[in-house]
Engineer: 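Submitted below is the structure of interest, expressed as structure tokens.
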There are 2 protein chains.
Amino acid sequence: MKKKINEKKERLKSFMKQKGFKSTKQRDIIANEFLKTGEHLTAEELYKRVSEGHKNIGFTTVYRTLKLLAESGLATERIFADHLTRYEPVSAEEHHDHLICLNCGAITEFENPKLERMQVKIASDFGFSIVDHKMEFYGYCRDCNKDA
Amino acid sequence: MKKKINEKKERLKSFMKQKGFKSTKQRDIIANEFLKTGEHLTAEELYKRVSEGHKNIGFTTVYRTLKLLAESGLATERIFADHLTRYEPVSAEEHHDHLICLNCGAITEFENPKLERMQVKIASDFGFSIVDHKMEFYGYCRDCNKDA
DNA sequence: AAGGAAATTGAAATTCAATTTCATTTAAGC
DNA sequence: GCTTAAATGAAATTGAATTTCAATTTCCTT
Ligand SMILES: [Mn+2]
Ligand SMILES: [Mn+2]
Ligand SMILES: [Zn+2]
Ligand SMILES: [Zn+2]
């Protein structure tokens, strides 16, 4: 896992160099914390985590670093039903969708090529070419179903 | 079509009576304008339309009437990629999803029972019970594909 | 029809996440 | 080390969504 993070940080570094951006210790700390979580975090949440160990790093820098990570292709921006902007590390290149529990908030990821193919088919029947899509299921997760 | 609108307005009226809400001329005008459009409108957009004929009706009342319509089940709230809250009249009882053109902004609606069934199936494989879902396709519509 | 409680209206104020500004600090090339 | 362009972070701004509140209107009861 450590390897993967370093690999990503390399990618980020080359992206920044190519874009003429500078590498700073703040960015390094923030990117590190972000990449190791693997969760769907808001800038605020990441800021809280980062500032536990580094009280001098500002929210704005965390915010901007997340945007930078998204631009460089290392993070994806996600907005679910709470309307907050969240970021998640881009794991591989693969696309996935989300099951979101209305009770405990748990987010489960899944991918289903058959479903994706069907989507493309449906769209093309309308003469519509898909660039991107958003698919989220809201309901109750296994654990919460158990409790009810 | 006129019939349908009146039918809806009846539904709204009985909902309001049941809830102890009062029927006012503002609400009547706003609901009327909204129900006859059949589009995906923001409160701001509906306000503009309404105030053309009724300069004394305030934005706040339009905003609140849309919320009321949503509560009463006559409107659905939708938020697409521009992050603006839009409302659309609930046509029948049936659910539908959206194809959104990145070029001209056209919104095409579709429903596909087979796709829906597959979604339920996928979710249940995770022990997840779906209450609601969001599915939007972003890309280029037939007309815009033609031009390119 | 008049009275009065309760809801509605609409302008203005507030909220709150997202974004921008700007003075100061820092990184990287020379 | 010097230069300068970028980065930082606190504070200010934005803008849609929502709330507040005094004035007005609805509608139920006499
Ligand atoms: Mn995810
Ligand atoms: Mn629709
Ligand atoms: Zn749950
Ligand atoms: Zn189009």
Side-chain angles (χ1 to χ4, degrees), chain A residues 9 12-34 40-72 75-87, chain B residues 9 12-34 40-72 75-87:
Chain A
K9 286 172 71 179
L12 178 60
K13 207 156 253 175
S14 73
F15 172 81
M16 292 203 297
K17 175 157 274 176
Q18 183 232 318
K19 285 275 187 178
F21 297 149
K22 291 172 180 172
S23 95
T24 67
K25 52 182 178 306
Q26 287 96 328
R27 280 174 174 168
D28 194 63
I29 290 162
I30 294 164
N32 215 50
E33 185 67 34
F34 173 69
H40 304 81
L41 296 176
T42 63
E44 196 62 48
E45 287 166 351
L46 182 58
Y47 167 65
K48 269 175 198 146
R49 291 196 192 201
V50 164
S51 47
E52 274 172 25
H54 303 271
K55 305 197 200 320
N56 50 316
I57 294 182
F59 166 79
T60 313
T61 302
V62 174
Y63 166 81
R64 283 189 284 225
T65 300
L66 283 171
K67 294 234 125 180
L68 186 68
L69 286 163
E71 272 184 74
S72 71
T76 306
E77 218 177 275
R78 302 275 188 190
I79 303 179
F80 301 123
D82 62 5
H83 305 162
L84 295 178
T85 302
R86 293 169 188 283
Y87 293 85
Chain B
K9 285 172 71 178
L12 178 60
K13 208 157 252 175
S14 73
F15 172 81
M16 292 203 297
K17 176 156 273 175
Q18 182 232 320
K19 286 275 188 178
F21 296 149
K22 291 170 181 174
S23 94
T24 68
K25 51 184 179 306
Q26 287 94 329
R27 280 176 175 166
D28 194 62
I29 291 163
I30 294 164
N32 215 51
E33 185 68 33
F34 173 68
H40 302 81
L41 297 176
T42 63
E44 198 61 50
E45 287 166 352
L46 183 57
Y47 167 65
K48 268 176 198 146
R49 291 196 190 202
V50 165
S51 48
E52 275 173 24
H54 304 270
K55 304 199 200 319
N56 49 318
I57 293 181
F59 166 80
T60 314
T61 302
V62 173
Y63 166 80
R64 282 188 286 223
T65 301
L66 283 171
K67 294 236 124 177
L68 186 67
L69 287 163
E71 271 183 74
S72 72
T76 307
E77 219 177 275
R78 302 276 187 189
I79 303 178
F80 301 123
D82 61 6
H83 304 162
L84 295 178
T85 302
R86 293 169 188 283
Y87 293 85

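Throughout, a chain's letter reflects where its sequence line sits, starting with A, and its residues are numbered from 1.
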Engineer: Could you give the distance from OG1 (T65(B)) to CG (D28(B)), rounded to the nearest 0.5 Å?
Structural biologist: 10.5 Å
Engineer: For the side-chain contact (heavy atoms from CB on, under 4.5 Å) test, which of L41(A), I30(A), L46(A) pairs with L66(A)?
Structural biologist: L46(A)
Engineer: Specify the residues of residues 20-32 of chain A, ordered by number, for which at least one heavy atom lies under 4.0 angstrom from an atom of DNA chain C.
Structural biologist: K22(A), S23(A), K25(A)
Engineer: Any side-chain to backbone donor/acceptor pair from R27(B) onto V62(B)? Under 3.5 Å, distance only.
Structural biologist: no
Engineer: Considering residues at least two apart in sequence or located in another chain, which fulfil the side-chain contact (heavy atoms from CB on, under 4.5 Å) criterion with K19(B)?
Structural biologist: F15(B), F21(B)
Engineer: Would you list the atom pairs, donor with acceptor, under 3.5 Å between side chains in residues 48-61 of chain B and any protein atom, with sequence neighbours excluded?
Structural biologist:
unit_1: S51(B); atom_1: OG; unit_2: Y47(B); atom_2: O; d: 2.6
unit_1: S51(B); atom_1: OG; unit_2: K48(B); atom_2: O; d: 3.3
unit_1: K55(B); atom_1: NZ; unit_2: E52(B); atom_2: O; d: 3.3

Engineer: Tell me: NE2 of H83(A) to C1' of dT15(C), nearest whole Å?
Structural biologist: 16 Å
Engineer: Got a sec, which residues hit side-chain contact (heavy atoms from CB on, under 4.5 Å) with K67(A), two or more places apart in sequence or on another chain?
Structural biologist: Y63(A), E77(A), Y87(A)
Engineer: Looking at residues 59-69 of chain A, who's got a heavy atom less than 4.0 Å off DNA chain C?
Structural biologist: F59(A), T60(A), Y63(A), R64(A), K67(A)
Engineer: By side-chain contact (heavy atoms from CB on, under 4.5 Å), which residues pair with N32(A), not counting sequence neighbours?
Structural biologist: I5(A), K9(A)
Engineer: Please enumerate all protein N or O atoms sitting under 3.5 Å from an N or O of nucleotides 23-25 of chain C, with distances to 0.1 Å.
Structural biologist:
none

Engineer: Any chance you could measure T85(A), atom OG1, to I79(A), atom CD1, to the nearest 0.5 Å?
Structural biologist: 4.0 Å
Engineer: Considering residues at least two apart in sequence or located in another chain, which fulfil the salt bridge (charged side-chain N to carboxylate O under 4.0 Å, His left out) criterion with E44(A)?
Structural biologist: none
Engineer: Let me confirm one number: the OG-NZ distance from S23(A) to K13(A), rounded to the nearest 0.5 Å.
Structural biologist: 5.0 Å
Engineer: What's the spacing between K25(B) NZ and I29(B) CD1 if we round to 0.5 Å?
Structural biologist: 7.5 Å
Engineer: List for me each residue that meets side-chain contact (heavy atoms from CB on, under 4.5 Å) alongside T76(B), sequence neighbours excluded, and say none if there are none.
Structural biologist: R78(B), E88(B), V90(B)
Engineer: For L12(B) and S72(B), which heavy atoms make the closest approach, and how far apart are they?
Structural biologist: CD1-OG, 3.8 Å
Engineer: Can you sort out the partners of R86(A) under salt bridge (charged side-chain N to carboxylate O under 4.0 Å, His left out), two or more places apart, ordered by chain and number?
Structural biologist: E45(A), D82(A)
Engineer: Give the residues of residues 42-57 of chain B touching DNA chain D, defined as any heavy atom closer than 4.0 Å, sorted by residue number.
Structural biologist: none
Engineer: Which nucleotide of DNA chain D is the first, and which the last, in the 5' to 3' direction, to come under 4.0 Å of a heavy atom belonging to chain B?
Structural biologist: dA16(D) to dC27(D)
